[in-house]
Amino acid sequence: MATNPNTTLYINNLNDKVNKEELKSQLFALFMTYGRVIDVVAQKGTKMRGQAFLVFSDLAEATSAMRACEGMLFYDKPLRIHYAKTKSHAALRREDPDFVPPNKAFPQSSSSHVNGTEKRSREDDDMVGGRTAKREKAEDDDEEMEMDEDDEGEGSKKAASATTAQDRPSARLLCTNLPQEVTDDVLGVLFQQYKGFASTQVAPNATGTKTGYAFFDSPELASVAKEALDGFTLKKGWKMGVSYT
DNA sequence: AGCACA
């Protein structure tokens, strides 16, 4: 047998020509149909290319997503999906808010004198003072080397993209340019005042500016909310974009 | 093929 059930799916055989951010958002857009996606992890480095981890909030969702999407063409390549071998940090953090990911720099010293007197102050390990002039040691792999934008290569081969805005009304609205701190609920408060509102989901993991979705019972009802909230200012310089998908 | 999360 393969791996045992996990709320995280391990996906491989991904087309490694698509840049990481697009890949993650497209995976999110695809898999959110099957449940609540709480994290998407993908890396570019040699060892991890062509693979991604998709964390669902519960096992039933992950399982149905796997069944439904196995073999599906995604950027011209069939998805290969399995349960991940281990639990994702996002999942662990979810079942225990006190969960702290093991630090690579200090790998669990086995000779740890674990006495109860150890102080567990929360403020202790804060990164105070920032890392100003300190250069991060260059990774030995090409992790930080994101030389994308080499698309445009062959003819306009529009792959399985889904996040492209449509001009036809749809029951699912795409919300762009969301500030970092916006969550499902914050976005929900905004949309729920309109008739036919169903739910919202904000993409996990985004740094800088986030993306989310708002679901309505019909495209017609969604269009009312879209007209009202497109260009809405969530925060000082942040005008949200709302479009059909 | 390859199972990570800073």
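Convention: sequence-line order gives letters A, B, ...; per-chain numbering from 1. What you see below is based on every heavy atom in this structure, not just the backbone, and it leaves out hydrogens, waters and symmetry mates.
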*For the pair made of NZ in A/K44 and C1' in B/dA4, what is the distance, rounded to whole Å?*
17 Å
*Can you tell me if the side-chain N/O atoms of A/K47 get under 4.0 Å from OP1 or OP2 in B/dA4?*
yes
*Comparing A/A90 and A/L14 on DNA chain B - which has the more 5′ nearest nucleotide*: A/L14
*Take atom CG of A/L54 and atom C1' of B/dC3, then tell me their distance rounded to the nearest Å.*
14 Å
_Given the structure, check if the side chain of A/S88 and the base of B/dA4 hold any donor-acceptor pair shorter than 3.5 Å._
yes
_Consider side-chain contact (heavy atoms from CB on, under 4.5 Å). Of A/N12, A/I11, A/D16, which one does A/Q51 pass it with?_
A/N12
*Do the side-chain N or O atoms of A/Q43 get closer than 4.0 angstrom to the phosphate oxygens (OP1, OP2) of B/dC5?*
yes
*A/R168 vs A/Y244 side-chain heavy atoms within contact, under 4.5 Å*: no
*Give the rounded distance in Å between these two atoms: CD1 of A/I38 and P of B/dA4.*
18 Å
*Give a yes/no verdict on a cation-pi contact between A/K17 and A/Y75, requiring under 6.0 Å between NZ or CZ and the six-membered ring centre and an angle within 45° of the axis.*
no
*NZ/NE/NH1/NH2 to OD/OE distance under 4.0 Å, A/R80 and A/E70*: yes
*Would you mind reading off the distance between A/N6 atom CG and B/dC3 atom C1', rounded to a whole angstrom?*
10 Å
_Under 4.0 Å, heavy atoms only, any strand: does A/Y83 hit a base, just the sugar-phosphate, or nothing?_
base
*asked:* How many whole angstroms separate atom CZ of A/F53 from atom C1' of B/dA4?
replied: 5 Å
*asked:* Without decimals, in angstroms, what is the distance between A/N13 CG and B/dG2 P?
replied: 12 Å
_If you only use heavy atoms from C-beta on, which nucleotide in B/dA4, B/dC5, B/dG2 is closest to the side chain of A/H89?_
B/dC5
*Taking CE from A/M66 and P from B/dC3, how many angstroms apart are they, rounded to a whole number?*
17 Å
*Hey, could you give me the CE/CG distance between A/M66 and A/L79, rounded to the nearest 0.5 Å?*
12.5 Å
*Rounded to whole angstroms, how far apart are CZ on A/F99 and P on B/dC5?*
12 Å
*Give A/D39 one of three labels, base, sugar-phosphate or nothing, depending on what nucleic acid heavy atoms sit under 4.0 Å from its own.*
nothing
